[in-house]
Number of protein chains: 2
Amino acid sequence: MNYSVSEENYIKSIYHLQQQTDTVTTNSLANELRTKPASVTDMLKKLRTKRLVDYEKYRGFKLNAAGSKIALGIVRRHRLWEFFLVNKLGFEWDKVHDIAEELEHVSSAELIKKLDSFLNFPQTDPHGDPIPDTNGKMAVIKQLSLAEIDAKKTVVVSSVGNQSPEMLEMLKHYHIGIGTSLKINRHFAFDGSVEIKVTQQSACIISGQMAKNIFVHHG
Amino acid sequence: MNYSVSEENYIKSIYHLQQQTDTVTTNSLANELRTKPASVTDMLKKLRTKRLVDYEKYRGFKLNAAGSKIALGIVRRHRLWEFFLVNKLGFEWDKVHDIAEELEHVSSAELIKKLDSFLNFPQTDPHGDPIPDTNGKMAVIKQLSLAEIDAKKTVVVSSVGNQSPEMLEMLKHYHIGIGTSLKINRHFAFDGSVEIKVTQQSACIISGQMAKNIFVHHG
DNA sequence: AATTTTTTTTAGATTTGTCTAAATTAAATT
DNA sequence: AATTTAATTTAGACAAATCTAAAAAAAATT
Ligand SMILES: [Mn+2]
Ligand SMILES: [Mn+2]
Ligand SMILES: [Mn+2]
Ligand SMILES: [Mn+2]
């Protein structure tokens, strides 16, 4: 079956919201998609008719197995295009989301197959998020944020939680990207700020909010 | 201003039909877009309101300067994507049209600029058609078909007129592509068939219809 | 010039996706 | 437990893009 751009955007947003809370609410989805709750209710009835979501009125909703499979296909296309935009076209990683938001809806399976091969089968996108394979299988990467790791440890940035342009702009300002190696000097109890030392840069302090959104693995 | 996918498809089709006949008819556009004449009339009123076409009812229509500029932008995107699909992703040249038909509507100017640069500023697409530049300027290539060229001459294929999958499939069968060098043995008066000899292949005969759609320059 | 055929437009309906305002249900507070 | 507040759904409207069938205009034929 083939889905409209609008349906695909809803499906993908439900998928992302489910990562945080198992069942999704009408308001949160409306907020995510910058639309109105009434529109969400309308679309959910349609997605239910197409057997992609479990939904009972007033009870919230979630993707079923079929819906999740569709969602992972869209996520796969989105992340492959993001990789292409950064690693082939030379975009900065904070400029690619909106373009990938359009490209992900181009519906040729052959295109994605050949793109994947052209890109040499990348495992993660420019934000460190894993790329699902053709069958919708995706590596689950254990995520530890800078806020949770003990002082004095040296770690490597593997992904970022908040991917708003504002956050990505800030990371760029600090010269922090995926693969950046840094040492945690200390945590401040007052507001959760963290002092870090990036290799070949002087130590600096990032806010608790930033620390919670920078995920790392041991380097 | 920003145009819908549907508006863009209409604009581009009007542009292409204008290459053959200066003013375009409702039926021909409906046929080109595989839609109904009534739908064409509706859309034309909209395009007129947006000041992209000259149109008076029952009088046919054509793009004005503003409309032509939009059209050339779409043609540019289409042909750049076709080049990408063939030369980077490894698609066959008869498989790329429908995919480019979708990709051409992705609306980031920065994307097309970087794609152009990534592809090394190609001048023609995989079918030999010229790619308009950023300002909508396009090289006019003098087109002579195999049907019009004298026997015994050796020529190089530069583009193809009819780009239906059927035609492209046939060219592939004859091992003829853009850049193929061939010698014209003789023209048959009865039905316009042409005997040709492609380098390193035995001589063969192509129909008059094919001959008229294979454009060449002197090699 | 009158008639027939073809082309084009209009009228009215349909589908998709959206909205506002009102009604309903659920959750939180007193 | 009653009341207030918040979340969700329904009702009804609207814009975009399409369609069918009927009407109107233009072109071709007799
Ligand atoms: Mn999208
Ligand atoms: Mn990403
Ligand atoms: Mn198109
Ligand atoms: Mn082409």
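Atom set for the values below is all heavy atoms of this structure, side chains included, hydrogens, waters and symmetry mates excluded. In the text below, chain A, chain B and the rest are named by the order of the sequence lines, each starting its count at 1.
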Below the 4.0 Å mark, does [N] have OP1 or OP2 next to a side-chain nitrogen or oxygen of [X]?
X     : N      : value
B:T41 : C:dT10 : no
A:T35 : C:dT18 : no
A:T26 : D:dT9  : yes
A:K57 : D:dT10 : yes
B:N27 : C:dT6  : no
B:K45 : C:dT10 : yes
B:T25 : C:dT7  : no
A:Y3  : C:dT16 : no
B:Y55 : C:dT9  : yes
B:Y10 : D:dT18 : yes
A:R59 : C:dA26 : yes

Take atom [atom1] of [X] and atom [atom2] of [N], then tell me their distance rounded to the nearest Å.
X     : N      : atom1 : atom2 : result
A:L44 : C:dT18 : CG    : P     : 12 Å
B:L29 : C:dT8  : CG    : C1'   : 13 Å
B:E8  : D:dA16 : CD    : P     : 16 Å
B:E56 : C:dT9  : CD    : P     : 11 Å
A:N31 : D:dT8  : CG    : P     : 12 Å
B:L47 : D:dA16 : CG    : P     : 12 Å
A:D42 : C:dT20 : CG    : C1'   : 12 Å
A:M43 : C:dC19 : CE    : C1'   : 14 Å

* Flag the pair B:K50 and B:E7 as a salt bridge only when some basic side-chain nitrogen lies within less than 4.0 angstrom of an acidic carboxylate oxygen. => yes
* Please determine if B:R59 and B:D54 form a salt bridge, counting it only when a charged side-chain N lies under 4.0 Å from a carboxylate O. => no
* What nucleotide, of D:dT20, D:dA26, C:dC19, holds the atom closest to the side chain of B:Y58? ->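 Shortest atom-to-atom distance from the side chain points to D:dA26.
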* **Closest nucleotide among D:dC19, C:dT9, C:dA21 to the B:K36 side chain** =>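 Among D:dC19, C:dT9, C:dA21, the one nearest the side chain of B:K36 is D:dC19.
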* NZ of B:K172: more than 12 outside heavy atoms within 6.0 angstrom? -> yes
* **Parallel, tilted or perpendicular: ring planes of B:H127 versus B:W93, cut at 30 and 60 degrees** =>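 Rings of B:H127 and B:W93: parallel, as their planes differ by under 30°.
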* Report the residue from B:N213, B:D129, B:D94 that forms a side chain to side chain donor-acceptor pair (under 3.5 Å) with B:Q163. => B:D129
* **B:L52 side chain reached by B:I14 side chain, heavy atoms, under 4.5 Å** => no
